[in-house]
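On a predicted model such as this, the values are computed, not experimentally measured, just so you know. Computed over heavy atoms, backbone and side chain alike; hydrogens, waters and symmetry mates excluded.
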Amino acid sequence: MAYGILLLRIVVGTTMAGHGLQKLLGWFDGPGLKGVEQMFRKLGFPAAAAMAMLAALAETGGVLFAVGMLTPLAALGIAIVMLNAIGSVHWKNGFWNSAGGFEFPLVMLAAAVAVAATGPGRFSADAANGWAGSLSGLWWGVGVLAAAIAISAVTLMTRRIEQPQVEEAAFAQSDADAPLSREAAQDSALARQSR
């Protein structure tokens, strides 16, 4: 079991760390802090610069997860970031990753919570410090998940999602006989209702 947990921690932790370094430093073809700040702004988060820095640092905290240091705290950082990603970006795209869905973030979230519940294993900094037994167990996993859900819910509620302004002129057709597409007709109806 210790080898399996070690493998899981290393893969999940280094993946999250790499993802964080893309955001924090622009490594591995990442957008860097400015790009992530713009992304958060487009997603409607206030204080986009602070959100970008926190997301990057939480993901870079994957290093702690990989070495098994303060494992529940590292798992909490991963869980919060993944829940925020699911709630703000991936949920609307359905399950599968190929369509931009929440498949991958869900797996990372589950792995983080599972390691918090089972503990970091024998080959970890927490075990070397004698903390592994007191920083793991079912209630640690439940606590990490519950705290992540609460923090993520508060974070997602701060979003200001602006409805795009729909101009009637955008739907004007040069050929009066051409039918509106289904999506354009729905958008036009919504625009009229919002007035």
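Looking at heavy atoms from C-beta onward, Arg159 lies in side-chain contact with Ser88 at the 4.5 angstrom threshold. Side-chain contact between Trp27 and Gln22 is absent, with no heavy atoms from C-beta onward closer than 4.5 Å. Residues Tyr3 and Phe123 are in side-chain contact: their nearest non-hydrogen atoms beyond the backbone lie under 4.5 Å apart. Counting heavy atoms from C-beta outward, Thr155 and Met51 have side chains that approach closer than 4.5 Å. You'll find the side chain of Met16 stays beyond 4.5 Å of the side chain of Val63, heavy atoms only. By the 4.5 Å heavy-atom criterion applied to side chains, Val89 and Leu43 are counted as neighbours. Side chains of Leu135 and Trp140 form a contact here, defined as non-hydrogen atoms less than 4.5 Å apart. Side-chain contact between Met108 and Val12 is present, with at least one heavy-atom pair separated by less than 4.5 Å.
Hydrophobic clustering (side-chain heavy atoms under 4.5 Å, transitive across Ile, Leu, Val, Met, Phe, Trp, Tyr) groups Leu33 together with Leu25. Following chains of ILVMFWY side-chain contacts shorter than 4.5 Å, one can reach Leu109 starting from Ile151, so the two form part of one hydrophobic cluster. The hydrophobic clustering, which links ILVMFWY residues whose side-chain heavy atoms are closer than 4.5 Å, places Ile149 and Ile86 together. Note on Leu7 and Val113: separate hydrophobic clusters, where clusters join Ile, Leu, Val, Met, Phe, Trp and Tyr whose side-chain heavy atoms are under 4.5 Å apart, directly or indirectly.
Atom CE of Met39 sits about 14.5 Å away from atom NZ of Lys34, to the nearest 0.5 Å. The structure places CZ of Phe102 at 10.0 Å from CG of Asn93, a figure rounded to the nearest 0.5 Å. Rounded to the nearest 0.5 Å, atoms CZ (Phe104) and OG (Ser98) are 14.0 Å apart. With values rounded to the nearest 0.5 angstrom, Ser152 atom OG is found 3.5 Å from Asn84 atom CG. With rounding to the nearest 0.5 Å, the separation of CG in Leu138 from OG1 in Thr118 is 11.0 Å. For the atom pair CG (Leu24) and CG (Leu57), the distance works out to 5.5 Å, reported to the nearest 0.5 Å.
For the residue pair Gly121 and Ile5, the shortest heavy atom distance occurs at N-CG2, 4.0 Å. Nearest heavy atom pair, residue Leu8 against residue Ala111, reads CD1-CB, 4.1 Å. For Pro120 against Ser136, the heavy-atom pair with the smallest separation is CD-CB, 4.5 Å. Scanning all heavy atoms of the two residues, the minimum distance from Ala148 to Ile80 falls at CA-CG1, 3.8 Å. Ala52 and Val36 get closest at one heavy-atom pair: CB-CG1, 3.7 Å. Of all non-hydrogen atoms in Ile78 and Ala112, the two that sit nearest each other are CG2-CB, 3.7 Å.
Checked by atom type and distance alone, the side chain of Glu103 pairs as donor or acceptor with a backbone atom of Asn97 at under 3.5 Å. Although no hydrogens or angles enter the test, the distance criterion places no donor-acceptor pair under 3.5 Å between the side chain of Trp131 and the main chain of Ala125. Panel note: side chain His90, backbone Gly100; a donor-acceptor pair is recorded below 3.5 Å. Proximity of a side-chain donor or acceptor of Glu59 to a complementary backbone N or O of Ala17 within less than 3.5 Å is not detected. With hydrogens and angles ignored, the 3.5 Å screen pairs a side-chain donor or acceptor of Asp126 with a backbone N or O of Leu70. At distances below 3.5 Å, not a single donor-acceptor pair connects side-chain atoms of Arg122 with backbone N or O atoms of Ala127.
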### Task
Run the numbers on Met82 and Leu106 for side-chain contact (heavy atoms from CB on, under 4.5 Å), then give the verdict.
CA-CA 7 Å; Met82 293 297 98; Leu106 180 64; over 6 Å; no
### Query
Is there a side-chain contact (heavy atoms from CB on, under 4.5 Å) between His19 and Val81 once you walk through the steps?
CA-CA 11 Å; His19 200 58; Val81 170; 5.7 Å; no
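Ring planes of Phe45 and Phe40: perpendicular class, angle over 60° (limits at 30 and 60°).
Both tests do not hold together for Arg9 against Phe65: distance to the six-membered ring centre under 6.0 Å, angle to the ring axis within 45°.
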